[in-house]
Asks: 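One structure, pasted below without further comment.
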Amino acid sequence: MEGGVSAEPARFRAWMGRWPTGVSIVTAAEAGRRHGLTVNAFLSVALSPPTVLVSLSRDTDTEPVIARTGRFAVNLLAYDQRPLSERFARQVPPEEKFEGLPIREGRLGIPLLEGTLGSLECTLAQSFTSGDHQLLLGTVEQIVEGREAPPLLFYRSHYGESDPAGRLTLAGAPP
Ligand SMILES: Cc1cc2nc3c(=O)[nH]c(=O)nc-3n(C[C@H](O)[C@H](O)[C@H](O)COP(=O)(O)O)c2cc1C
């Protein structure tokens, strides 16, 4: 194994790309306005009480909305929802992201995306600043079951290609 090199942000980002993830869309709402962004920094933290963590860049439009309203939802994308991931990763006004999408409102009043693998509605339990990101710990209040379908995957800056039978190809994978 080679020796280490200094942890510059671009190198760190590329290295982390070796860790495959699913893709989610984190949603929130304030004063009747919907917000959301694509997030792969999502994990389960505790079972009792059920707790998740999402890490959001502090310059996103959505993070301050969650800080003010104290609630958010995590919607897990299915293999055929790559267009949604791309749409919610664009820096456009929030209305444009939701335009024409089938949405329903969850019990906490947060927009939930249809056609996903499922959604979690959370209340904000704690929030920590870490560098240029905000770590949001959410207590899971509602579990919404979605489709039985393979997930959308992200690996080495590429989306995994998958068919309905769940056969996956990771485009960024070394031969
Ligand atoms: C696959 C993928 C994963 C992403 N994961 C995150 C993430 O975990 N946290 C984050 O802050 N941004 C993440 N982004 C970038 C945001 O989606 C992007 O900056 C978005 O424009 C922010 O939207 P907003 O400013 O309207 O809230 C990701 C983008 C992609 C394509």
Side-chain angles (χ1 to χ4, degrees), residues 7 9-45 51-101 103 109-113 115-122 124-138 140 146 149-162 168-173:
R11 192 177 273 148
F12 171 56
R13 184 183 200 148
W15 190 92
M16 282 306 298
R18 291 160 196 252
W19 186 244
T21 68
V23 182
S24 75
I25 294 180
V26 170
T27 50
E30 184 178 41
R33 207 172 177 212
R34 293 165 171 166
H35 300 261
L37 79 165
T38 304
V39 166
N40 67 346
F42 162 64
L43 73 143
S44 151
V45 171
T51 306
V52 295
L53 180 143
V54 293
S55 174
L56 302 190
S57 171
R58 289 203 282 134
D59 62 15
T60 62
D61 162 73
T62 311
E63 191 280 320
V65 173
I66 297 173
R68 287 192 295 266
T69 60
R71 46 189 66 186
F72 63 93
V74 183
N75 305 268
L76 298 190
L77 296 188
Y79 74 103
D80 53 358
Q81 294 185 304
R82 176 177 170 169
L84 278 192
S85 172
E86 292 169 343
R87 183 198 276 226
F88 279 82
R90 277 185 217 125
Q91 282 187 327
V92 294
E95 291 74 17
E96 262 181 55
K97 293 183 176 183
F98 287 91
E99 204 177 298
L101 290 185
I103 300 288
I110 309 165
L112 306 180
L113 302 180
T116 67
L117 302 181
S119 307
L120 295 178
E121 285 190 88
C122 305
L124 186 61
Q126 292 186 68
S127 176
F128 308 91
T129 304
S130 178
D132 55 4
H133 275 58
Q134 199 69 21
L135 306 183
L136 308 180
L137 280 176
V140 179
L152 181 64
L153 292 183
F154 197 66
Y155 173 70
R156 288 194 152 178
S157 306
H158 291 86
Y159 292 96
E161 298 294 330
S162 172
L168 287 166
T169 316
L170 293 175

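Just the heavy atoms: all of them, side chains too, but no hydrogens, waters or symmetry mates, feed the values below. Order of appearance sets the numbers: ligands from 1, and atoms from 1 within every ligand. Residue indices begin at 1 and follow the sequence shown. The structure presented is a predicted model; accordingly, all values stated were derived computationally and were not measured.
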Asks: Just one of V54, T62, L56, T27 clears the side chain to side chain contact (heavy atoms under 4.5 Å, CB included) bar with F72, so which one?
Replies: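 Running side chain to side chain contact (heavy atoms under 4.5 Å, CB included) over V54, T62, L56, T27 with F72 returns exactly one hit, V54.
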Asks: When you look for protein heavy atoms under 4.0 Å from ligand 1, which residues do they belong to?
Replies: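 Correct list: L37, T38, V39, N40, A41, S55, L56, S57, T60, D61, T62, F88, A89, R90, Q91, K97, F154, Y159.
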Asks: Under a 4.0 Å threshold between the charged nitrogen and the carboxylate oxygen, would E99 count as salt-bridged to R34?
Replies: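 No, R34 and E99 are not salt-bridged.
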Asks: Would you give me the side-chain donor-acceptor pairs under 3.5 Å for residues 13-24, sequence neighbours excluded?
Replies:
residue: T21; atom: OG1; partner: N40; partner atom: ND2; Å: 3.3
residue: S24; atom: OG; partner: V39; partner atom: O; Å: 2.8

Asks: After noting the C-alpha distance and the side-chain angles of S127 and Q134, does the key distance pass the side chain to side chain donor-acceptor pair (under 3.5 Å) rule?
Replies: CA-CA 7 Å; S127 176; Q134 199 69 21; 2.9 Å; yes
Asks: Quick one: list whatever passes side chain to side chain contact (heavy atoms under 4.5 Å, CB included) with S130, sequence neighbours left out.
Replies: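 Side chain to side chain contact (heavy atoms under 4.5 Å, CB included) list for S130, sorted by chain: L135.
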Asks: Restricting to side chain to side chain contact (heavy atoms under 4.5 Å, CB included), what partner residues turn up for T116, sequence neighbours left out?
Replies: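 Here the qualifying residues are N75, L77, Q81, L113, S119.
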